[in-house]
2 protein chains.
Amino acid sequence: MVEPNNENLDLIFHALADATRREMIRLVSEKEKTVSEMAEPFDMSLAAASKHIKVLEKANLIQRTVEGRTHTCRINAETLALASKWLSVYEKFWSKRFDVLESEILKAKKKEH
Amino acid sequence: MVEPNNENLDLIFHALADATRREMIRLVSEKEKTVSEMAEPFDMSLAAASKHIKVLEKANLIQRTVEGRTHTCRINAETLALASKWLSVYEKFWSKRFDVLESEILKAKKKEH
DNA sequence: TCGATATTCAACCATTCGGTTGACTATCTT
DNA sequence: AAGATAGTCAACCGAATGGTTGAATATCGA
């Protein structure tokens, strides 16, 4: 796996910080798609969608192959894994909280009887 | 867990898209910290750091309690869990890749003997 | 009460963002 | 060769971002 440096993570999280782009990731995760297909569901110009796609591409979240005049996009999930890896460092905090919550629930249930 | 809507995710990922703020999260995850303590490691004005803290707070990534003149920040890891949850939908894509990689390695090792 | 400390606020600035439109390039089809 | 199709590029626009500085607010300690 490529080690995630700060510059990478800036690009990745920035790309993810927009609902249109997150939805584009969902779309392209279903099946590889052309630029037009990626743009179609959104109420914006093709040029605007094309910019979003470029942001995703620069962040390495999708990859593009050009064949003739059509550009095909496919997901590059390894990059999502980098974001996930950064977050996973803090996983202990929320799982810890869940443990506390669970034990609280158990205690409450015992009291019922 | 609070359901992550698009607005939440916009704020969360935007907050994470800055190296200063990611480092602030790391700092505050070690131990709760005052605003000054959060700002100290960075080469910027207190006001700038204060703005970053506000971004983290609005995204609900940290929480603040005010006691007298000191504001204490603590991590709110549940919100990181929301980001992680969004990413986890795509986990199958990268773990699939790892599986392929693993089986390739196994095949290669078998060939050696 | 006075000065130090902790923090925010407001105004400003340059840059980036997310969108538009119109022109352009390249490829496919006929 | 001519027109349709796929997509980008460039210029523009208003709003948001990330920083600054100086003033304001509120609390603490002597």
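What you see is a predicted model, and the numbers here were worked out from it, not measured in a lab. Letters go in sequence order (proteins before strands), and every chain restarts at 1.
Residues satisfying the side-chain hydrogen bond (donor to acceptor under 3.5 Å, both in side chains) criterion with A:K54, sequence neighbours excluded, are absent altogether. For A:K58, there are no side-chain hydrogen bond (donor to acceptor under 3.5 Å, both in side chains) partners at least two apart in sequence or on another chain. B:K85 pairs by the salt bridge (charged side-chain N to carboxylate O under 4.0 Å, His left out) definition with B:E3, not counting sequence neighbours. A:E30 meets the side-chain contact (heavy atoms from CB on, under 4.5 Å) test with A:R26, A:L27, A:K33; sequence neighbours excluded. Taking A:T34 as the reference, A:S36, A:E37 meet the side-chain contact (heavy atoms from CB on, under 4.5 Å) condition, with sequence neighbours excluded. Shown here are the side-chain contact (heavy atoms from CB on, under 4.5 Å) partners of A:H71, two or more places apart in sequence or in another chain: A:V35, A:R64, A:V66. With sequence neighbours left out, the side-chain contact (heavy atoms from CB on, under 4.5 Å) criterion links B:V28 to B:M38, B:I62, B:C73, B:I75.
Judged by distance alone, the side chain of A:N76 and the main-chain N or O of A:N60 form a donor-acceptor pair under 3.5 Å. A donor-acceptor pair under 3.5 Å links the side-chain atoms of A:S45 to the main chain of A:A48, judged by distance alone.
Put simply, CD on B:E57 is 15 Å from C1' on C:dC9, counting in whole angstrom units. In this entry the distance linking CG of A:D18 with P of C:dT16 reads 18 Å, nearest Å. Distance B:I53 CD1 to C:dC9 C1': 15 Å, rounded to the nearest Å. Rounded to whole angstrom, the span from the NE2 atom of B:H52 across to the C1' atom of D:dT20 amounts to 12 Å. Between the C1' atom of C:dT7 and the NZ atom of B:K33 lies a distance of 18 Å, rounded to the nearest Å. The distance from atom CD of B:E37 to atom P of C:dT5 is 16 Å, rounded to the nearest whole Å. Rounded to an integer number of Å, the gap from B:D43 CG to D:dG19 P is 10 Å. For the pair B:L46 CG and C:dT8 P, the interatomic distance rounds to 7 Å; values are reported in whole Å.
Of the residues in residues 22-32 of chain A, none lies under 4.0 Å from DNA chain D by heavy-atom distance.
Side-chain proximity of B:T34 to the nucleotides D:dA6, C:dT7, C:dG19 is greatest for C:dT7.
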Could you go through residues 11-22 of chain B and list every donor-acceptor pair under 3.5 Å that involves a side-chain atom there, pairing it with any protein atom two or more places apart or in another chain?
{"unit_1": "B:D18", "atom_1": "OD1", "unit_2": "B:T20", "atom_2": "N", "d": "2.8"}
{"unit_1": "B:D18", "atom_1": "OD1", "unit_2": "B:R21", "atom_2": "N", "d": "3.2"}
{"unit_1": "B:R21", "atom_1": "NE", "unit_2": "B:A15", "atom_2": "O", "d": "2.9"}
{"unit_1": "B:R21", "atom_1": "NH1", "unit_2": "B:H52", "atom_2": "ND1", "d": "3.1"}
{"unit_1": "B:R21", "atom_1": "NH2", "unit_2": "B:H14", "atom_2": "O", "d": "3.2"}
{"unit_1": "B:R22", "atom_1": "NH1", "unit_2": "A:D10", "atom_2": "OD1", "d": "2.9"}
{"unit_1": "B:R22", "atom_1": "NH1", "unit_2": "B:L16", "atom_2": "O", "d": "2.7"}
{"unit_1": "B:R22", "atom_1": "NH2", "unit_2": "A:N6", "atom_2": "O", "d": "3.1"}
{"unit_1": "B:R22", "atom_1": "NH2", "unit_2": "A:N6", "atom_2": "OD1", "d": "3.0"}
{"unit_1": "B:R22", "atom_1": "NH2", "unit_2": "A:D10", "atom_2": "OD1", "d": "2.9"}

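Ring planes of A:W86 and A:Y90: tilted class, angle from 30 to 60°.
In terms of phosphate contacts, B:S45 brings a side-chain nitrogen or oxygen within less than 4.0 Å of OP1 or OP2 of D:dT20. Phosphate contact (OP1/OP2 of C:dA6, side-chain N/O of B:S36, threshold under 4.0 Å): absent. Put simply, B:S50 has a side-chain N or O that comes within less than 4.0 Å of OP1 or OP2 on C:dT8. The side chain of A:H71 contributes an N or O atom lying less than 4.0 Å from OP1 or OP2 of D:dT8.
Rounded to the nearest 0.5 Å, atoms CH2 (A:W94) and CG (A:L87) are 5.5 Å apart. To the nearest 0.5 Å, atoms CZ (A:R74) and OG (A:S29) are separated by 14.0 Å.
Within the helix from C:dT1-D:dA30 to C:dT30-D:dA1, the inter-axis angle between the opening and closing five-pair segments is 20°, rounded to 10°.
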Considering only nitrogen or oxygen atoms on both sides, find all protein atoms under 3.5 Å from nucleotides 9-17 of chain D and state each distance.
{"unit_1": "D:dC9", "atom_1": "OP2", "unit_2": "A:K54", "atom_2": "NZ", "d": "2.6"}

Spell out protein contact along nucleotides 25-30 of chain D as letters: B when the base is contacted, S when just the sugar-phosphate is, - when no protein heavy atom is under 4.0 Å; keep the 5' to 3' order.
-> --BS--
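Clustering ILVMFWY residues whenever any of their side-chain heavy atoms sit less than 4.5 angstrom apart, transitively, puts B:I53 in the very cluster that holds B:L80.
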